Amino acid sequence: MATITKDIAAYEEQRQTLEANHLAKWVVFHDETLIGIYDSLENAAVDAARRFGRGPYLIRQVGAPPLRLPASVLYRPVNADY
């Protein structure tokens, strides 16, 4: 989880510039590096998955507040069949 924390910090470092130049676009960060800027979440997700598989990587819409998901969405039992 430390990697995603570092990607969030990298986004925050660049947030002001991104908001000035790419408001409402989607960005992908991986290994603390801005990988790309996209017009849609779908394009960002497809490219991130193609490059990095299941991750971890950060996909965020520039200017949008961070999405907070409940723990029940983020985790599932280790022995779950689904």
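What you see is a predicted model; the values in this text were computed from it and never measured.
- Here the closest heavy-atom approach between residue A45 and residue I59 is recorded as CA-CD1, 3.7 Å.
- A pairwise comparison of heavy atoms in L23 and G63 identifies CD1-CA, 3.8 Å as the closest pair.
- Interatomic distance, I4 CD1 to L58 CG, rounded to the nearest 0.5 Å: 5.0 Å.
- By the side-chain contact (heavy atoms from CB on, under 4.5 Å) test, E32 is found to be paired with K6, D7, A10, residues two or more places apart in sequence or in another chain being considered.
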Review item, side-chain donor-acceptor pairs of residues 35-43, under 3.5 Å, at least two apart:
unit_1	atom_1	unit_2	atom_2	d
Y38	OH	D47	OD2	2.5
D39	OD1	K25	NZ	2.3
S40	OG	N43	N	3.0
S40	OG	N43	ND2	3.3

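- I8 is not connected to V28 by any chain of hydrophobic side-chain contacts under 4.5 Å among Ile, Leu, Val, Met, Phe, Trp and Tyr, and they are in different clusters.
- Under the 4.5 Å side-chain contact rule for hydrophobic residues, W26 and V46 do not share a cluster.
- A perpendicular orientation is assigned to the rings of F29 and Y11, their planes being inclined by more than 60° (bins at 30° and 60°).
- Note on residues 13-22: pairs passing side chain to side chain donor-acceptor pair (under 3.5 Å), not counting sequence neighbours, are E12-R15.
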